[in-house]
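The structure appears right after this line, and notes come after that.
In what follows, chains carry the letters A, B, and so on, assigned in the order in which the sequence lines appear, proteins first and then strands, with residues in each chain numbered from 1.
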Amino acid sequence: MNDIPQHILAEAQRQHDILSRGTAEILGGEKDGKDGLFWKLVKSLQNETPLKVKFGMDPTAPDIHLGHTVVLTLLRRFQDLGHVAMPLIGDYTCRIGDPSGRNKTRPPLTGEEIDANAKTYFEQAFKVLSKDEKTLDLRYNGEWLKELSFADTIKLCAQVTVARIIEREDFTNRLQNNVPISMHELLYPIMQGYDSVAMECDIELGGTDQTFNCLMGRHLMQVRQMNPQIVITMPLLEGTDGVEKMSKSKNNYIGVHDEPNDMFGKVMSIPDNIMNRYFELLTDVPLDSLPEHPMDAKKMLGRIIVERFHHTDAAQEAQTDFETRFSQREVPQNLPEKTITENLSGILEVIVHVGFAESNSKARQLIKQNAVKVDGTTINDHTHEFQSGQTCVLQVGRRQMMRLTFA
RNA sequence: GGCGGGAUACCGAAGCGGUCAAACGGGACUGGCUGUAAACCAGUUGGCUAUGCCUUCGUAGGUUCGAAUCCUACUCCCGCCA
């Protein structure tokens, strides 16, 4: 450590501070009381060569949510410091079906599905990542995996022991619970590890659920006497319920596709106690500079997130909409408008027609529950009729509002 | 290949001949309260031209005055043994 110039150590430490924000674990390469990331940065500065940072993405589910963007956010931080982001599309691996579904074997996807998924995935991922060519090197693992012969594959397998593979928590559980594991699933971590060999990357990023797979890459690099990658894992983000991990099936997610108002509202609905985590993992705002009042902080968080996935104006509009709608309980500007040309006048049919309820029965229930208002007046009568030529604001609950004109 | 267990509404799970549109929990929705689409409290949660009527308990038949509940066949899941 003594023969390294002071300014390099200082710069490495500065970058390290930025990059280690919110990380779960930094694995491998620890030395002299400093972690592997620090030493990778020192090496990079000494050689004046940017670090190559791998992040594997599976185009199995095309729609990504904020949970997925946690790692992307870290990757972006690397880009902002001049390092090279190497997003890797597992086009080859997901043709095979991977085991990360915890207990179920995933069905393999067709070529077209993968291409379509990858495309939408990119559109969404690049709302976080920079497209600057100097800091981006996008790869597909079919590039090298399809070149492997069966003999190559066998040799590769010889470099990993069975004990090592099945120590992975997921496999252990499945063995214990008599859930079937197919041979090909055992190869999955090896393939993913081989990606790191082929890409010669310095660092691999992943969620904590990917720790095992990422470390396999490090192992295979070590076997080949390569300079092995270090692994940085990010925690899995809690969903809007504040308890479970964010996931589509739990319906506690904020999708990067969500409309501005929706996105802002969902952010406002997260419990206060996980707000700091959102700031830490999704933004670069220093945690000691947050507004004191939790509501102000949450609004700030909402703006930052809406801004990232939409634009600045949308963020402000979403906030204003939220404030009129929920804080002041008033009807906001910019309501969606609709003209009813069909021959409808009964309130039940109209509510169903505009999509505020699934059936007349549901609409009837909503009226009974005082959820329906016309021009701010609660409607208690389910036989209420609209007049033709009438224009009015129809509210169902606090979220669904529309300006209607009857032809 | 042999032997057992199971399939119930959005999900999990009771029910095992009538009082079942189907307990209970979760979720979702609505209302109250609130800085909040948080928490908490209360209500709703198959459909309809609605104090009644129609459809639903894996699929198709059958027994019965009457079936989610009994019988038969089929489909699919799961466990144990080989």
Side-chain angles (χ1 to χ4, degrees), chain A residues 65-66 102-105 107 173-181 237-255 258-279 290-303 305-306 315 317-332 343-374 376-385 394-401:
Chain A
H65 55 60
L66 289 190
R102 306 282 167 311
N103 48 20
K104 270 194 186 147
T105 306
N173 289 343
R174 282 165 67 177
L175 279 175
Q176 270 172 5
N177 298 320
N178 293 308
V179 178
I181 304 173
L237 186 67
E238 288 83 2
T240 50
D241 56 9
V243 182
E244 304 267 15
K245 303 305 169 201
M246 186 176 286
S247 85
K248 203 162 186 180
S249 55
K250 291 269 164 39
N251 198 26
N252 62 356
Y253 69 100
I254 304 178
D258 287 350
E259 292 303 313
N261 287 353
D262 219 23
M263 196 179 263
F264 190 89
K266 284 184 181 178
V267 172
M268 292 306 289
S269 82
I270 66 172
D272 292 354
N273 61 1
I274 60 160
M275 197 162 52
N276 275 21
R277 210 164 149 75
Y278 273 55
F279 269 111
L290 298 181
E292 271 196 39
H293 197 292
M295 187 181 63
D296 293 331
K298 216 183 274 182
K299 283 178 180 173
M300 177 179 170
L301 179 64
R303 278 199 310 275
I305 289 171
V306 174
E317 282 164 24
Q319 177 168 347
T320 309
D321 184 271
F322 182 88
E323 284 164 353
T324 44
R325 203 179 281 244
F326 298 107
S327 306
Q328 296 159 28
R329 300 269 175 126
E330 281 172 15
V331 176
N343 191 20
L344 291 171
S345 57
I347 189 155
L348 296 177
E349 295 88 72
V350 171
I351 290 172
V352 173
H353 178 73
V354 300
F356 286 172
E358 303 167 357
S359 64
N360 285 11
S361 292
K362 298 266 191 228
R364 202 180 294 252
Q365 279 159 15
L366 288 165
I367 288 175
K368 207 178 285 177
Q369 293 174 135
N370 292 328
V372 177
K373 290 183 185 180
V374 172
T377 309
T378 306
I379 302 294
N380 292 309
D381 173 17
H382 68 260
T383 62
H384 183 271
E385 301 264 323
L394 173 68
Q395 271 176 266
V396 175
R398 254 167 251 168
R399 291 193 256 169
Q400 300 179 301
M401 303 180 194

Which base, if any, makes a Watson-Crick or G-U wobble pair with [N], both distances under 3.5 Å?
{"N": "B:U36", "answer": "none"}
{"N": "B:A9", "answer": "none"}
{"N": "B:U51", "answer": "none"}
{"N": "B:G1", "answer": "B:C81"}
{"N": "B:C74", "answer": "B:G58"}
{"N": "B:U63", "answer": "none"}
{"N": "B:C29", "answer": "B:G43"}

May I have the distance from [X] (atom [atom1]) to [N] (atom [atom2]), rounded to whole angstrom?
{"X": "A:Gln395", "N": "B:A37", "atom1": "CD", "atom2": "P", "result": "14 Å"}
{"X": "A:Met295", "N": "B:A37", "atom1": "CE", "atom2": "C1'", "result": "14 Å"}
{"X": "A:Arg399", "N": "B:U36", "atom1": "CZ", "atom2": "P", "result": "15 Å"}
{"X": "A:Lys266", "N": "B:A38", "atom1": "NZ", "atom2": "C1'", "result": "16 Å"}
{"X": "A:Asn252", "N": "B:A38", "atom1": "CG", "atom2": "P", "result": "14 Å"}
{"X": "A:Met268", "N": "B:G35", "atom1": "CE", "atom2": "P", "result": "12 Å"}
{"X": "A:Asp296", "N": "B:U36", "atom1": "CG", "atom2": "C1'", "result": "12 Å"}
{"X": "A:Ile270", "N": "B:A39", "atom1": "CD1", "atom2": "P", "result": "12 Å"}

Of A:Leu366 and A:Phe326, the one whose closest RNA chain B nucleotide lies more 5': A:Leu366
From CA spacing to verdict: side chain to side chain contact (heavy atoms under 4.5 Å, CB included), A:Leu394, A:Phe356: CA-CA 10 Å; A:Leu394 173 68; A:Phe356 286 172; 4.1 Å; yes
Heavy-atom pair of closest approach, residues A:Pro291 and A:Asp296: CB-CB, 3.8 Å
Reading 5' to 3' through nucleotides 41-54 of chain B, protein heavy-atom contacts under 4.0 Å coded B for base, S for sugar-phosphate only, - for none: --BSS-SBSB----
Look at all strands and tell whether [X] reaches a base, only sugar-phosphate, or nothing, counting heavy atoms closer than 4.0 Å.
{"X": "A:Thr240", "answer": "nothing"}
{"X": "A:Arg325", "answer": "nothing"}
{"X": "A:Gly397", "answer": "sugar-phosphate"}
{"X": "A:Asp262", "answer": "base"}

[atom1] atoms of [N] and [M], separation to the nearest Å:
{"N": "B:A7", "M": "B:C16", "atom1": "P", "result": "14 Å"}
{"N": "B:G26", "M": "B:C70", "atom1": "C1'", "result": "33 Å"}
{"N": "B:A9", "M": "B:A82", "atom1": "C1'", "result": "40 Å"}
{"N": "B:G47", "M": "B:G35", "atom1": "C1'", "result": "41 Å"}
{"N": "B:U69", "M": "B:G58", "atom1": "C1'", "result": "15 Å"}
{"N": "B:C11", "M": "B:G66", "atom1": "C1'", "result": "32 Å"}
{"N": "B:U49", "M": "B:U36", "atom1": "P", "result": "37 Å"}
{"N": "B:A50", "M": "B:U63", "atom1": "P", "result": "36 Å"}

Residues A:Asn380, A:Asn370; criterion side chain to side chain contact (heavy atoms under 4.5 Å, CB included); working and verdict: CA-CA 7 Å; A:Asn380 292 309; A:Asn370 292 328; 2.9 Å; yes
Pairs involving residues 361-372 of chain A, ordered by first then second residue, that meet salt bridge (Lys or Arg N to Asp or Glu O under 4.0 Å) (sequence neighbours left out): none
Rounded to the nearest 0.5 Å, what separation is found between the [atom1] atom of [X] and the [atom2] atom of [Y]?
{"X": "A:Asp241", "Y": "A:Met246", "atom1": "CG", "atom2": "CE", "value": "9.0 Å"}
{"X": "A:Ile367", "Y": "A:Asp381", "atom1": "CD1", "atom2": "CG", "value": "7.5 Å"}
{"X": "A:Asn261", "Y": "A:Glu317", "atom1": "CG", "atom2": "CD", "value": "8.5 Å"}
{"X": "A:Tyr253", "Y": "A:Leu237", "atom1": "OH", "atom2": "CG", "value": "14.5 Å"}
{"X": "A:Leu366", "Y": "A:Gln395", "atom1": "CG", "atom2": "CD", "value": "13.0 Å"}

B:U36 OP1/OP2 closer than 4.0 Å to side-chain N/O of A:Arg398: no
Expected rows: protein N/O vs nucleotides 21-25 of chain B N/O, under 3.5 Å:
none

Intermediate values then yes/no, side chain to side chain donor-acceptor pair (under 3.5 Å), A:Ser345 and A:Glu385: CA-CA 5 Å; A:Ser345 57; A:Glu385 301 264 323; 2.8 Å; yes
Test log, rule side chain to side chain contact (heavy atoms under 4.5 Å, CB included), inputs A:Val396 and A:Val354: CA-CA 11 Å; A:Val396 175; A:Val354 300; over 6 Å; no
Side-chain donor/acceptor of A:Asp272 to base of B:G35, under 3.5 Å: yes
Working for side chain to side chain contact (heavy atoms under 4.5 Å, CB included), residues A:Glu238 and A:Val243: CA-CA 6 Å; A:Glu238 288 83 2; A:Val243 182; over 6 Å; no
